[in-house]
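This report concerns only the one structure given below.
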Number of protein chains: 2
Amino acid sequence: MFDSLFSERGLSLDRLKVLLEVRDAGSIAQAAPGDPVRQSQYSRQLRELSEFFGCEVAHRRGKILKLTAAGERLAELTREQLRSLDDFRADCRQQNVTFTLGAGDSLIQWLVIPKLGRILDAFPGIHFSTTNLRTNEIVRQITDGRLDFGIIRENAVAPGLKAVPLGVVRYAALVPGRWARAKGGITLGQALRERPLATQTTDGQFASGLRDIAQQLGVPLQAALSCQSFPQTLAALRTGRFWALVPELATHDLPPGSMVRIADERLRQLDREAMLAWNPRLVRVRPNAAKVATHLQQALTIH
Amino acid sequence: MFDSLFSERGLSLDRLKVLLEVRDAGSIAQAAPGDPVRQSQYSRQLRELSEFFGCEVAHRRGKILKLTAAGERLAELTREQLRSLDDFRADCRQQNVTFTLGAGDSLIQWLVIPKLGRILDAFPGIHFSTTNLRTNEIVRQITDGRLDFGIIRENAVAPGLKAVPLGVVRYAALVPGRWARAKGGITLGQALRERPLATQTTDGQFASGLRDIAQQLGVPLQAALSCQSFPQTLAALRTGRFWALVPELATHDLPPGSMVRIADERLRQLDREAMLAWNPRLVRVRPNAAKVATHLQQALTIH
DNA sequence: ATCAAACATGACTGGGCAGTCAGGCTTGCT
DNA sequence: AGCAAGCCTGACTGCCCAGTCATGTTTGAT
């Protein structure tokens, strides 16, 4: 199909553009004012178009070159085509101002959303859509292009993906302030043994780490309240009836002094390195994607 | 205008055509069946289109590549554009099956028209349009592209034009048969001195040559009937009341024996070399023009 | 687990073309 | 006649890209 258009040389978008420029300017000289070099190139390119289409697109009338009727038609046809391509490209770029970002629910709530304001300030017209996903699903969707960015664990980065570190996500063990004041303090072991625990149970790696800690303390792990997300555990904590383990980032949401933090080095076992990941194709295909990635890394870095 | 389409690489008609081929075939593998070399090229070109437009035009779904919605739109847009260009080109070629040929009236009547049948047989679909013009006007119109071919004098060929010889146009002095039979023959001098002459007076060079001959014979030149064209002089000859000088080619139009030819070597001074001329751009721009030129030369050659 | 199909990517080559340089020709004005 | 503007053409260079070679990765079927 359309093979005859490609079996001969002489047709190119550049040449068609020159035809359009000459038509709009009125002559080669006016299309390339004071530039004999471009003037000679334009002359040649118009001739090549004439030879390709088998009709003159312009002819000399005195000193001045004028487009023929056929040349005028070709120029208008070209204008429509270049406009369509330009509009299509602009449309792509318009639609592609929304970047999608997947992360765990708590990271979205306490890391991403608080910082997105700064990112949007830096990129007027850019939008984000966040998606609450598990790490393995994030990896899958980034790989096949359904997700632009994701925050995943360091050890989940797949080959082929680009990832940069965001820092360490830490967890804090909090108990209601009045519990701690009544007893003059409470240890992690005491809390696990004696107090009702509200904990997030859907994150396999977190749950596994918590089991390890309980085992090290020789204490059975029994959640009084199993929650699906850390925001839910924080809500439980606020009732004053439970203690909880929550991301360090979430502690900023609590009134100062309302909770007391249990200090225990074993909690470091729950720490995880968070990475911002994306598909390298993204930055090749999408305008601004590389800059957005850079800004995301800066803004989302955990201190 | 449209500068952004040309300031970045990655857009070309070839690539757009590949997109269309992949869309119509359903996959790269089907667009390039059993051809890993073209398969890898197509893959690359689709990626370059994606990078240029800032959106994926295709994505991998399992083993198979599928065009995205954007890719489908771009493919359809491409189809329209290539069709427009193809139609425009076909239209040019359709319209440009008419070649224009200018010559003197007598040459058109006695040389061109009788031979055009053979030319048209060789080029089905080709048309001619003849125009009665003077040599200098023929030269002018060929030069600025308003005329495709012309039959001109050898000494009128302008630099820049292409010309091939057609042979010598000769002129014959004919008198009504009964005049010659009554006197037992008649010389050119006698005819000029004693008999009413019908002659063509608009061709400067011919008239000038005739004056020269009369002067050589010491006879005043007085045309009894001044005609604008040789067909008119032939008509006058047919009345039996005039003798005339007409192109040798025209004698084939007369009934055998109706006229008697005056033999005189001085008539050779009226001979002229006829050339078929055209603008070299014609054969570059117009399909078939080179072949048509060749056939014209062969068909119109004077023996 | 193995294999073939489908696609992707690195690297290289040669041709085409944009861009450039130099100079010439034609036209129109003075 | 002389000159400048507008256009044309030969020739050259370097870059881009189509085309190619080789190989790798992913996916789906067996």
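Naming: A, B, ... by sequence-line order, numbering from 1 per chain. Note that this is a predicted model, so its numbers are computed, not measured.
- Shown here are the ring-ring contact (aromatic ring centres under 6.0 Å, His included) partners of B:Phe6, two or more places apart in sequence or in another chain: there are none.
- Electrostatic pairing of B:Glu8 and A:Arg89 counts as a salt bridge here, judged by a charged N lying under 4.0 Å from a carboxylate O.
- Environment of CD in B:Gln298: crowded, with over 12 heavy atoms of neighbouring residues, nucleotides or ligands closer than 6.0 Å.
- Residue pairs that meet the salt bridge (charged side-chain N to carboxylate O under 4.0 Å, His left out) test with at least one member in residues 143-161 of chain B, sequence neighbours left out, are B:Asp144-B:Arg146, B:Asp148-B:Arg286.
- Protein chain A contacts DNA chain C over a range whose 5' and 3' limits, counting nucleotides with an atom under 4.0 angstrom from a non-hydrogen atom, are C:dT9 to C:dG28.
- Nucleic acid contact for B:Gly34: none, since no nucleic acid atom lies under 4.0 Å from a heavy atom of the residue.
- In this structure, B:Ile28 atom CD1 and D:dT27 atom C1' are separated by 15 Å, rounded to whole Å.
- For DNA chain C, the residues of residues 62-82 of chain A within the heavy-atom distance limit of 4.0 Å (strictly under) are A:Gly62, A:Lys63, sorted by number.
- Summarising the geometry, atom CD1 belonging to B:Ile151 is positioned 7.5 Å from atom CD1 belonging to B:Ile302; distances are rounded to the nearest 0.5 Å.
- Between B:Phe149 and B:Phe128, the ring planes are tilted. Angles from 30° to 60° get that label.
- A side-chain donor from one of A:Gln30 and A:Ser27 sits under 3.5 Å from a side-chain acceptor of the other.
- Rounded to the nearest 0.5 angstrom, A:Gln141 CD and A:Asn136 CG are separated by 10.5 Å.
- Helix-axis bend for the helix from C:dA1-D:dT30 to C:dT30-D:dA1: the local axis fitted to the five terminal pairs at one end deviates from that at the other end by 30°, rounded to 10°.
- Within the structure, the ring-ring contact (aromatic ring centres under 6.0 Å, His included) test picks out the following pairs touching residues 32-57 of chain A (sequence neighbours left out): A:Phe53-B:Phe88.
- Taking atom CG on B:Leu13 and atom C1' on D:dC16, their separation rounds to 15 Å, with Å as the unit.
- Looking at B:Ser50, its side chain does come within 3.5 Å of a backbone N or O of B:Val57 through a donor-acceptor pair.
- Separation of atoms CG (B:Leu101) and OG (B:Ser129) is listed at 9.0 Å; rounding is to 0.5 Å.
- In this structure, the side chains of B:Val169 and B:Leu107 come closer than 4.5 Å at one or more pairs of heavy atoms.
- If you check the side chains of A:Arg15 and A:Ser12, you find a donor sitting under 3.5 Å from an acceptor.
- Listed in residue order, the members of residues 16-27 of chain A having a heavy atom less than 4.0 Å from DNA chain D are A:Ser27.
- Closest approach of B:Leu300 and B:Val112 over heavy atoms only: CD2-CA, 3.9 Å.
- Look at NE2 on B:His59: it is 16 Å from C1' on D:dT26, rounded to the nearest Å.
- D:dC16 atom C1' lies 14 Å from atom CG of B:Leu11, rounded to whole Å.
- Applying the salt bridge (charged side-chain N to carboxylate O under 4.0 Å, His left out) test to pairs two or more places apart or on separate chains, none has a residue in residues 289-301 of chain A.
- At whole-Å resolution of the value, CG in A:Asp35 and P in D:dC8 are 16 Å apart.
- Residues that satisfy the salt bridge (charged side-chain N to carboxylate O under 4.0 Å, His left out) test with A:Asp105, not counting sequence neighbours, are absent from this structure.
- Residues from residues 2-9 of chain B lying near DNA chain C, meaning a heavy-atom separation below 4.0 Å, are absent.
- In this structure, A:Arg38 atom CZ and D:dC7 atom C1' are separated by 15 Å, rounded to whole Å.
- Taking CD of B:Gln81 as the reference point, atom CG of B:Leu20 lies at 11.0 Å (rounded to 0.5 Å).
- Of the residues in residues 39-47 of chain A, those placing a heavy atom less than 4.0 Å from an atom of DNA chain C are A:Ser40, A:Gln41, A:Arg44, A:Gln45, in numerical order.
- Heavy-atom nearest nucleotides on DNA chain C were determined for A:Ser12 and for A:Pro36, and the one closer to the 5' end corresponds to A:Ser12.
- For A:Glu80, there are no salt bridge (charged side-chain N to carboxylate O under 4.0 Å, His left out) partners two or more places apart in sequence or in a different chain.
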